[in-house]
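Written below as structure tokens is the structure these notes are about.
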Amino acid sequence: MISTLREALAQSEKDRWTRWMRHCLGRMQQNIYGDYVLAAADYDKWKRQCETHYLDLTEKEKEHDRFEADRTLLIMSYFHPLEKATVNV
């Protein structure tokens with residue numbers, strides 16, 4: 001059972017990473033040299049988020065993290081039905 005839960009969580013992490021990378025890549029622009037670059041505003045925002053403790057994030061940023069946590073709780077609830085968590089997915 002643990003290996004199945006592990007694989008389900010690993011797949012979820014891969015899916016989360018894929019969504020994030022598609023978002024990041026979609027925000028980049030190609031310069032005249034053919035290189036893809038990130039806008040300074042995106043860089044500044046993401047750097048700030050990386051350096052900010054969860055409790056100090058904006059409510060909107062926290063809500064996004066809660067949504068991702070709910071996805072994980074949902075997967076876990078399939079493997080531990082007696083410990084069903086309330087999720088908002």
Side-chain angles (χ1 to χ4, degrees):
M1 177 191 285
I2 294 298
S3 66
T4 305
L5 173 58
R6 183 178 187 219
E7 290 303 311
L9 292 173
Q11 179 63 54
S12 177
E13 288 304 312
K14 168 63 168 89
D15 293 345
R16 184 184 341 257
W17 178 83
T18 298
R19 286 190 307 275
W20 173 245
M21 288 309 302
R22 285 184 178 147
H23 173 76
C24 291
L25 294 172
R27 303 285 301 169
M28 293 180 160
Q29 297 178 0
Q30 193 171 19
N31 66 20
I32 60 172
Y33 305 106
D35 297 321
Y36 286 90
V37 296
L38 185 64
D42 287 335
Y43 175 86
D44 291 341
K45 174 185 169 185
W46 295 337
K47 185 172 189 277
R48 178 194 58 78
Q49 289 173 331
C50 287
E51 295 172 350
T52 302
H53 188 278
Y54 172 78
L55 294 176
D56 296 325
L57 293 173
T58 67
E59 196 57 32
K60 182 178 178 182
E61 291 165 338
K62 288 181 191 176
E63 196 56 38
H64 179 268
D65 290 339
R66 292 177 189 129
F67 177 80
E68 294 298 338
D70 286 345
R71 287 173 179 256
T72 300
L73 289 171
L74 183 62
I75 291 169
M76 293 180 74
S77 74
Y78 288 120
F79 292 91
H80 300 283
L82 298 178
E83 300 177 21
K84 290 246 184 222
T86 303
V87 295
N88 300 315
V89 176

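In this text the structure is predicted, and so the values were computed from the model without any measurement.
When the shell of 6.0 Å around CD of Gln29 is examined, it contains 12 or fewer heavy atoms from other residues, nucleotides or ligands. For NZ of Lys62, the number of neighbouring non-hydrogen atoms (other residues, nucleotides, ligands) closer than 6.0 Å is greater than 12. Heavy-atom contacts from other residues, nucleotides or ligands closer than 6.0 Å to CZ of Arg27 number 12 or fewer.
Looking at Glu13 and Arg16, a side-chain N of the basic residue comes within less than 4.0 Å of a carboxylate O on the acidic one, giving a salt bridge.
Taking CG from Asp56 and CD from Glu61, the interatomic distance works out to 10.5 Å, rounded to the nearest 0.5 Å. Distance check: Glu63 CD to Asp70 CG gives 8.0 Å after rounding to the nearest 0.5 Å. Note: Gln49 CD to Asp65 CG = 8.5 Å, rounded to the nearest 0.5 Å.
A single hydrophobic cluster is not seen to contain both Tyr54 and Leu73; linkage of ILVMFWY side chains at heavy-atom distances under 4.5 Å, directly or through other members, places them apart. No chain of hydrophobic side-chain contacts below 4.5 Å, direct or via other Ile, Leu, Val, Met, Phe, Trp or Tyr residues, connects Ile75 to Trp17. Note on Leu57: it does not cluster hydrophobically with Phe67, by side-chain heavy-atom contacts below 4.5 Å among ILVMFWY residues. When the side chains of ILVMFWY residues are joined at heavy-atom separations under 4.5 Å, either directly or via intervening members, Val37 and Leu25 end up in two distinct hydrophobic clusters.
Using a 4.5 Å heavy-atom threshold, the side chains of Glu68 and Trp20 count as separate. Between Asp15 and Ser12, every side-chain heavy-atom pair lies at or beyond the 4.5 Å cut-off. For the pair Met76/Leu9, a side-chain contact is recorded, criterion being any heavy-atom separation below 4.5 Å from C-beta on.
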Full working for salt bridge (Lys or Arg N to Asp or Glu O under 4.0 Å) between Glu59 and Arg66
CA-CA 10 Å; Glu59 196 57 32; Arg66 292 177 189 129; 2.7 Å; yes
